[in-house]
Amino acid sequence: MELRELRAFVAVVEEGGLSAAARRLHVSQPALSQTVGGLERQLGVRLLVRGSAGVQATEAGTALFAEARAVLARHDQALRVMTRYTGPGGGALRIGIPLELPAGLLDPALAELAEAHPDTRVQARHLSTAEQLAALRTGELDVGFLRERPPGPEFDALLVAREELGVLLAAERAAELAGPDGIALDALAALQWVGFPRSGSPA
């Protein structure tokens, strides 16, 4: 059992449902359901009963809930104790951000973090999506802001911003390509492009 699995399970029981627990953990509901289902398969017991009124713990689930809360409390206490030894400034949160970040996207979150955890240093690294995924896998980053949802169940992902993509054309060329509904994407196929490298954001 991993700590993230125990946290997910405890959140579901405490919130009484997957939707509320997913919001609390800032993960998608399918990802949370998959995590809890994996924990049930791993232990070989049914932990939750899902019904119209929400989610209830089984007898085995109730036993695990008590143990999981105790384990998580001890883990969090150990982290608090160890922050005394991290030197001036406390711990660090390592964040990967794309080269062009929408203005003001992180400001509210960083202000909230600074107020709640004044000793935490934020270390930001400008990396492409592909580079962030590699750094997350090796443990070099704690959080990444990716331009696409990572494939597979390895990472939990949450939409935090939408970006509109556009194309810049010379006015004369745009007039040549325009139809009654504007410029169709197919009309741009023969043009030469200047854009970000495909390797940086494969999708």
Side-chain angles (χ1 to χ4, degrees), residues 1-73 75-76 79 93-98 101-102 105-106 108-110 112-113 116 124-125 127-165 196 198-203:
M1 287 182 289
E2 296 181 14
L3 289 173
R4 67 175 186 85
E5 294 172 321
L6 294 181
R7 282 197 197 283
F9 173 70
V10 166
V12 172
V13 176
E14 287 181 344
E15 297 294 338
L18 288 165
S19 297
R23 285 193 297 274
R24 170 172 145 186
L25 297 172
H26 304 294
V27 300
S28 67
Q29 187 172 327
L32 181 58
S33 181
Q34 190 174 27
T35 298
V36 174
L39 186 59
E40 289 181 321
R41 287 190 297 276
Q42 189 182 145
L43 296 173
V45 294
R46 192 162 187 193
L47 299 172
L48 300 171
V49 178
R50 298 160 181 84
S52 56
V55 172
Q56 299 242 328
T58 62
E59 185 178 347
T62 302
L64 179 63
F65 177 66
E67 296 296 331
R69 288 185 74 180
V71 167
L72 293 172
H75 172 263
D76 293 345
L79 289 181
L93 178 65
R94 302 162 302 167
I95 300 176
I97 57 177
L101 190 70
L105 176 64
L106 291 181
L110 291 178
E112 198 174 310
L113 176 67
R125 292 176 59 191
L127 299 169
S128 70
T129 288
E131 290 168 334
Q132 286 188 58
L133 284 171
L136 286 165
R137 287 189 180 100
T138 58
E140 296 173 52
L141 287 181
D142 300 307
V143 179
F145 288 87
L146 313 177
R147 294 197 177 279
E148 63 207 43
R149 180 174 287 277
E154 184 179 7
F155 299 112
D156 288 327
L158 177 71
L159 179 67
V160 294
R162 290 187 184 277
E163 288 182 286
E164 293 204 10
L165 295 179
F196 56 80
R198 175 72 68 185
S199 60
S201 185

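Only this structure's heavy atoms are used, side chains among them; waters, hydrogens and symmetry mates stay out.
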Next on the checklist: Between R149 and D156, does any side-chain N to carboxylate O distance fall below 4.0 Å?
Outcome noted: no
Checklist outcome for this item: dist F9:CZ -> E14:CD (nearest 0.5 Å) comes out at 10.0 Å
Checklist entry - Considering residues at least two apart in sequence or located in another chain, which fulfil the side chain to side chain contact (heavy atoms under 4.5 Å, CB included) criterion with E15? => result A20, A21, R24
Checklist entry - Minimum heavy-atom separation for A57 to G61, with atom names? => result CB-C, 3.9 Å
Checklist entry - When you measure from the side chain of E40 to the backbone N and O of L48, does any donor-acceptor pair fall under 3.5 Å? => result yes
Item to check | side chain to side chain donor-acceptor pair (under 3.5 Å) partners for Q56, two or more places apart | outcome: none
Next on the checklist: Give me the atom names and distance for the closest heavy-atom approach of P150 to A157.
Outcome noted: CD-CB, 3.8 Å
Next on the checklist: If you define the side chain from C-beta out and look only at heavy atoms, does anything of I97 sit under 4.5 Å from L127?
Outcome noted: no
Item to check | Nearest-0.5 Å distance that lies between atom CD in Q34 and atom CG in L39 | outcome: 13.0 Å
Checklist entry - Taking the side chain as C-beta and beyond, is there a heavy-atom pair between F155 and L146 under 4.5 Å? => result no
Checklist entry - Say you draw a straight line from OG1 of T62 to CD of E67; how long is it, rounded to the nearest 0.5 Å? => result 12.0 Å
Item to check | side-chain contact (heavy atoms from CB on, under 4.5 Å) between H75 and R7, intermediate numbers included | outcome: CA-CA 11 Å; H75 172 263; R7 282 197 197 283; 3.4 Å; yes
Checklist outcome for this item: Value for CG (L32) from CD (E5), rounded to nearest 0.5 Å, stands at 11.5 Å
Checklist entry - So, for T58 and V49, which heavy atoms are closest and what is the spacing to 0.1 Å? => result CG2-CG2, 3.5 Å
Checklist entry - With R137, which residues qualify under salt bridge (Lys or Arg N to Asp or Glu O under 4.0 Å), at least two apart? => result E154
Item to check | Donor-acceptor contact present, side-chain T129 to main-chain R147, <3.5 Å | outcome: yes
Checklist entry - Heavy-atom distance under 4.5 Å between the side chains of V143 and L93, does that happen here? => result yes
Checklist entry - Between R125 and E131, is a salt bridge (charged side-chain N to carboxylate O under 4.0 Å, His left out) present by the stated rule, with each step listed? => result CA-CA 10 Å; R125 292 176 59 191; E131 290 168 334; over 6 Å; no
Item to check | Student check: side-chain heavy atoms of L72 and V10 closer than 4.5 Å | outcome: yes
Checklist outcome for this item: On a heavy-atom basis, the closest approach of P108 and L105 is CD-O, 3.8 Å
Next on the checklist: Before you tell me yes or no, could you show the steps for L6 and M1 under side-chain contact (heavy atoms from CB on, under 4.5 Å), namely the whole-Å CA-CA distance, both residues' side-chain angles and the distance that decides it to 0.1 Å?
Outcome noted: CA-CA 7 Å; L6 294 181; M1 287 182 289; 3.8 Å; yes
Next on the checklist: Measuring only between side-chain heavy atoms, which start at C-beta, is Q29 closer than 4.5 Å to R23?
Outcome noted: no
Checklist entry - Got a donor-acceptor contact below 3.5 angstrom from the D142 side chain to the R94 backbone? => result yes
Next on the checklist: L106 vs F145, test: side-chain contact (heavy atoms from CB on, under 4.5 Å). Steps then yes/no.
Outcome noted: CA-CA 10 Å; L106 291 181; F145 288 87; 3.1 Å; yes
Checklist entry - Taking it one step at a time, do V27 and L158 satisfy side-chain contact (heavy atoms from CB on, under 4.5 Å)? => result CA-CA 6 Å; V27 300; L158 177 71; over 6 Å; no
